[in-house]
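Each chain gets a letter, A, B and so on, in the order its sequence line appears, and its residues count up from 1.
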Amino acid sequence: MVLPPLVKGSLQIGKLILLQKQIACKLVLKDVIPLDSIRFVCGLDAAYSRIYKGVAVATLIDIHNRKLIDANVALGTPPLQYIPGLLAFREAPIFYTALRPLLHQCQVVVVDGHGISHPRKAGIATHIGMAIKKPTIGVAKSKLAGTIKVVDGEKYVELQGQLVAKVLVHRNNELYVSPGAYITLSSAVKIIERLLEPDKSLPLPTYYADTLSKMLARKLDKRVIEPKTLKQHKLMDILRRTELLLI
DNA sequence: GCGACAG
DNA sequence: ATCTTGTCGC
């Protein structure tokens, strides 16, 4: 798996950067699955709890009825502090842990963060995509690298002579959509547009992952929920049983 | 040297 | 990402 080695302290940032360049070399940016056949999509996001550190949530959405059909959570301490450009080494391990149980059911994964719209074309969505060998899409709320270029009245991010992301304006906010791996930019955009709702700031998969991870982080800190509970029962069962249900 | 900088 | 009350506005 391409998921990062656990790096400590001041350890060689140069090696992480080299690793990203190697990932980018092997990157596949072609569609590997017809758009029409896509029905189940996973979403990944994380929040931070003071006590339990990283709280990652993976969601599973059915594009047909646009509903949340499953969710999974993973708790863990990030191996690294946040460094722009190296987010994957901080969050990808816990993302993968949360995603794993849902992996066989989904055809595409939407990640909170960039794909190839990244200084080395290896954002967190690319890391995840190369690791699971499935199409991934990065959706970020702000730009990390590159310059804005307008083509036919549409805004894109250009980087190293390539259009790496499209800027979607949704509810007065910009969303940077970029392919992670195994998908083209145009297909990625079509899928994300299909997952946007007028009353939600993010595409459904990451919207629910965002909402749930923040909620769980808060409940964990308030000790309303025990970490043990999250491991023993499936998150979806808890959501169905509790008043936490906002879906 | 200076500015930029996902979450 | 997170620390955080009231407050402005639909």
Base, sugar-phosphate, or nothing: which does [X] touch, judged by heavy atoms less than 4.0 Å apart?
{"X": "A:Leu86", "answer": "base"}
{"X": "A:Gly138", "answer": "nothing"}
{"X": "A:Lys214", "answer": "sugar-phosphate"}
{"X": "A:Tyr82", "answer": "base"}

Can you tell me if A:Lys134 uses its side chain to pair, donor with acceptor, with the backbone of A:Cys106 under 3.5 Å? yes

Item checked: A:Glu91 vs A:Leu44, side-chain contact (heavy atoms from CB on, under 4.5 Å): CA-CA, chis, key distance, verdict -> CA-CA 10 Å; A:Glu91 296 190 341; A:Leu44 290 172; over 6 Å; no

Tell me, yes or no, whether the heavy-atom count around [X] atom [atom1], taken from other residues, nucleotides or ligands under 6.0 Å, exceeds 12.
{"X": "A:Asp199", "atom1": "CG", "answer": "yes"}
{"X": "A:Arg171", "atom1": "CZ", "answer": "yes"}
{"X": "A:Lys15", "atom1": "NZ", "answer": "no"}

Atom [atom1] of [X] to atom [atom2] of [N]: distance rounded to whole Å?
{"X": "A:Phe95", "N": "B:dG7", "atom1": "CZ", "atom2": "C1'", "result": "8 Å"}
{"X": "A:Leu144", "N": "B:dA6", "atom1": "CG", "atom2": "C1'", "result": "5 Å"}
{"X": "A:Leu87", "N": "B:dA6", "atom1": "CG", "atom2": "C1'", "result": "6 Å"}
{"X": "A:Arg120", "N": "B:dA6", "atom1": "CZ", "atom2": "P", "result": "13 Å"}
{"X": "A:His127", "N": "B:dG7", "atom1": "NE2", "atom2": "P", "result": "15 Å"}
{"X": "A:Phe89", "N": "B:dG7", "atom1": "CZ", "atom2": "P", "result": "18 Å"}
{"X": "A:Lys141", "N": "B:dC5", "atom1": "NZ", "atom2": "P", "result": "15 Å"}
{"X": "A:Leu202", "N": "B:dG7", "atom1": "CG", "atom2": "C1'", "result": "12 Å"}

Listing for DNA chain C: consecutive Watson-Crick or G-U pair runs of at least 3, distance cutoff 3.5 Å, ranges ordered by first number, gives none

request  = Check whether any side-chain nitrogen or oxygen of A:Ser142 sits under 4.0 Å from OP1 or OP2 of B:dC5, and answer yes or no.
outcome  = no

At a 4.0 Å cut-off to heavy atoms of chain A, the contacted part of DNA chain C spans C:dA1 to C:dT2

d(A:Tyr176 OH, A:Lys155 NZ) to nearest 0.5 Å is 6.0 Å

Of all heavy-atom pairs linking A:Asp112 and A:Thr206, the shortest is N-CG2, 3.9 Å

Heavy-atom nearest pair, A:Ser187 first then A:Asp31, reads OG-OD2, 2.7 Å

**Request:** Carefully, step by step, assess A:Leu204 and A:Ile63 under the rule side-chain contact (heavy atoms from CB on, under 4.5 Å).
**Result:** CA-CA 9 Å; A:Leu204 288 174; A:Ile63 280 193; over 6 Å; no

